[in-house]
**Student:** 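I'd like to ask some things about the structure below.
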Amino acid sequence: MTGLQAFNNTFTTITLTWQPPPVPNGVIIMYQVTYSTNGVVNTYNTTTPPVTITGLVPRTTYTFSVTAYTITGPGTPQQVQTSTADIRE
């Protein structure tokens, strides 16, 4: 997959989007989104982008990783680091 981007960051949510791999190693069965801050790792599975992660801590930096999975296994993960907003909207 390519082009992982974070956008529409709010006080407690971050939305991620990406493009499917240009040449997948088979049919994509899911994308695994992992995100972490301060050593705590969470996982979210989805079948299509975009995905909005909710319940985040305000004014906190997160590292997100998205990996495409096919029947043969995982692809190469993409990462992005971003923060939740400083003020409530």
Side-chain angles (χ1 to χ4, degrees):
M1 48 154 277
T2 62
L4 177 60
Q5 295 180 347
F7 66 101
N8 288 345
N9 298 12
T10 70
F11 204 54
T12 59
T13 67
I14 293 174
T15 300
L16 303 170
T17 192
W18 59 88
Q19 298 298 314
V23 182
N25 189 16
V27 176
I28 296 173
I29 55 175
M30 75 167 192
Y31 294 95
Q32 184 177 68
V33 179
T34 59
Y35 56 101
S36 62
T37 189
N38 299 326
V40 177
V41 178
N42 296 286
T43 302
Y44 180 87
N45 296 328
T46 186
T47 56
T48 59
V51 62
T52 298
I53 305 297
T54 62
L56 301 175
V57 177
R59 296 181 297 273
T60 302
T61 299
Y62 289 87
T63 300
F64 291 90
S65 176
V66 179
T67 305
Y69 280 80
T70 66
I71 193 95
T72 60
T76 303
Q78 295 280 309
Q79 288 191 333
V80 65
Q81 189 173 61
T82 190
S83 301
T84 47
D86 287 337
I87 56 172
R88 188 178 301 272
E89 294 179 359

**Student:** Of all residues at least two apart in sequence or in a different chain, which pass the ring pair (Phe, Tyr, Trp, His ring centres under 6.0 Å) check with Tyr31?
**Tutor:** Trp18

**Student:** Side chains of Pro20 and Met1, heavy atoms from C-beta outward: is any pair under 4.5 Å?
**Tutor:** no

**Student:** Begin with the C-alpha distance, continue with both residues' side-chain angles, and end with the deciding distance and a verdict on side chain to side chain donor-acceptor pair (under 3.5 Å) for Gln81 and Thr63.
**Tutor:** CA-CA 4 Å; Gln81 189 173 61; Thr63 300; 3.1 Å; yes

**Student:** At what distance, to the nearest 0.5 angstrom, does CD1 of Ile28 lie from CD1 of Ile71?
**Tutor:** 13.0 Å

**Student:** Among Thr34, Val33, Leu4, Thr67, find the one that has a side chain to side chain contact (heavy atoms under 4.5 Å, CB included) with Pro77.
**Tutor:** Thr67

**Student:** Would Met30 and Ile53 show up in the same hydrophobic cluster when neighbours are defined by side-chain heavy atoms closer than 4.5 Å?
**Tutor:** no

**Student:** How long is the gap from CD on Gln78 to CD on Gln5, to the nearest 0.5 Å?
**Tutor:** 11.0 Å

**Student:** With a 3.5 Å distance limit and no angle check, can you tell me whether Ser36 reaches the backbone of Gly39 through a side-chain donor-acceptor pair?
**Tutor:** no

**Student:** Using the rule that two of Ile, Leu, Val, Met, Phe, Trp, Tyr join whenever any of their side-chain heavy atoms come within less than 4.5 Å, decide whether Leu16 and Tyr69 are in one cluster.
**Tutor:** no

**Student:** Between the side chains of Thr60 and Thr84, is a donor N or O closer than 3.5 angstrom to an acceptor N or O?
**Tutor:** no

**Student:** A side-chain contact here means heavy atoms from C-beta on lying under 4.5 Å apart; do Phe11 and Arg59 qualify?
**Tutor:** yes

**Student:** May I ask you to decide if Ser83's main-chain N or O and Asn9's side chain share a donor-acceptor pair within less than 3.5 Å?
**Tutor:** yes

**Student:** Are the side chains of Pro58 and Thr12 in touch, meaning some heavy atoms are under 4.5 Å apart?
**Tutor:** yes

**Student:** Just one of Thr82, Leu56, Thr43, Val66 clears the side chain to side chain contact (heavy atoms under 4.5 Å, CB included) bar with Tyr35, so which one?
**Tutor:** Leu56

